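What follows is a set of notes on a single structure, which appears directly below.
The structure presented is a predicted model; accordingly, all values stated were derived computationally and were not measured.
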Amino acid sequence: YKGKYVRWRGIVTYIGAGRMYWNRIGFRHKEGTTETDAEVVFNSEYYNKIMLLKEGDYVTYTARLYQKRGYGSPYRLDDGAPVEE
């Protein structure tokens with residue numbers, strides 16, 4: 001999986017707090033759960049779009065997989081980009 005790009009649609013569970021982490025967003029992909037199963041770091045070129053998001057929004061995005069620590073931990077992705085629908 002490492003280095004592969006995916007296109008997923010998820011629900012925003014959190015947006016990173018602070019000036020350094022504005023682009024770090026948690027997503028859940030399973031209906032009926034509250035568990036974050038992916039954390040995506042978005043490119044700075046999407047700052048204006050990312051700043052409009054809030055918890056509970058549905059977002060389709062592409063990103064590159066770079067880490068999966070273990071069972072039950074979220075996927076970590078970078079090079080994220082929101083997809084226009």
Side-chain angles (χ1 to χ4, degrees):
Y1 70 86
K2 201 170 195 175
K4 301 290 183 186
Y5 279 84
V6 296
R7 179 181 171 141
W8 287 342
R9 180 171 173 78
I11 301 168
V12 175
T13 56
Y14 68 84
I15 298 175
R19 192 174 61 182
M20 296 299 291
Y21 299 108
W22 64 267
N23 61 343
R24 189 174 304 265
I25 299 178
F27 290 96
R28 68 180 164 91
H29 298 94
K30 300 173 190 166
E31 290 293 328
T33 68
T34 58
E35 186 176 316
T36 298
D37 54 9
E39 183 178 80
V40 180
V41 176
F42 284 85
N43 288 327
S44 60
E45 67 188 87
Y46 302 108
Y47 177 84
N48 290 333
K49 291 181 181 184
I50 299 305
M51 296 310 292
L52 297 175
L53 296 176
K54 57 190 178 302
E55 286 184 29
D57 285 350
Y58 284 85
V59 177
T60 301
Y61 61 90
T62 60
R64 179 178 51 212
L65 292 160
Y66 75 88
Q67 187 177 48
K68 175 70 171 156
R69 291 196 176 147
Y71 183 76
S73 64
Y75 286 95
R76 309 278 185 201
L77 300 96
D78 64 2
D79 198 25
V83 174
E84 296 292 328
E85 296 186 78

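Asp79 and Asn43 share a side-chain donor-acceptor pair at under 3.5 Å. Side-chain atoms of Tyr66 and Arg76 include no donor-acceptor pair closer than 3.5 Å.
Between Val40 and Gly80, the shortest heavy-atom contact is CG1-CA, 4.0 Å. Between Leu52 and Asp57, the shortest heavy-atom contact is O-OD2, 4.2 Å. Of all non-hydrogen atoms in Tyr46 and Pro82, the two that sit nearest each other are CG-CD, 3.5 Å.
Think of Tyr58 as one node in a network of Ile, Leu, Val, Met, Phe, Trp and Tyr side chains linked at under 4.5 Å; its network also takes in Ile11.
Linking ILVMFWY residues whenever their side-chain heavy atoms come closer than 4.5 Å, directly or via other members, leaves Val41 and Met51 in distinct clusters.
Around OH of Tyr61, the count of heavy atoms belonging to other residues, nucleotides or ligands within 6.0 Å exceeds 12.
Listed for the Lys2 side chain is no donor-acceptor partner under 3.5 Å among the backbone atoms of Leu65. In this structure, the side chain of Thr13 engages the main chain of Gly26 through a donor-acceptor pair within 3.5 Å.
Residue pairs meeting the salt bridge (Lys or Arg N to Asp or Glu O under 4.0 Å) criterion with at least one member in residues 23-37, sequence neighbours excluded, are Arg24-Glu39.
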TODO: Run the numbers on Thr62 and Val6 for side chain to side chain contact (heavy atoms under 4.5 Å, CB included), then give the verdict.
DONE: CA-CA 5 Å; Thr62 60; Val6 296; over 6 Å; no
- [ ] For side chain to side chain contact (heavy atoms under 4.5 Å, CB included), just list the numbers for Trp8 and His29, CA-CA rounded to whole Å, side-chain angles, deciding distance to a tenth of an Å, and then say yes or no.
- [x] CA-CA 8 Å; Trp8 287 342; His29 298 94; 3.8 Å; yes
TODO: For side chain to side chain contact (heavy atoms under 4.5 Å, CB included), just list the numbers for Arg64 and Leu77, CA-CA rounded to whole Å, side-chain angles, deciding distance to a tenth of an Å, and then say yes or no.
DONE: CA-CA 5 Å; Arg64 179 178 51 212; Leu77 300 96; over 6 Å; no
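In this structure, OG1 in Thr36 is found 10.0 Å from CZ in Phe27, a value given to the nearest 0.5 Å. Rounding to the nearest 0.5 angstrom, the gap separating the CZ atom in Phe42 from the CG atom in Asp78 is 11.0 Å. Atoms CD1 and CD, on Ile25 and Glu55 in that order, are 11.0 Å from each other to the nearest 0.5 Å.
With sequence neighbours left out, Tyr47 forms a ring pair (Phe, Tyr, Trp, His ring centres under 6.0 Å) with Trp22.
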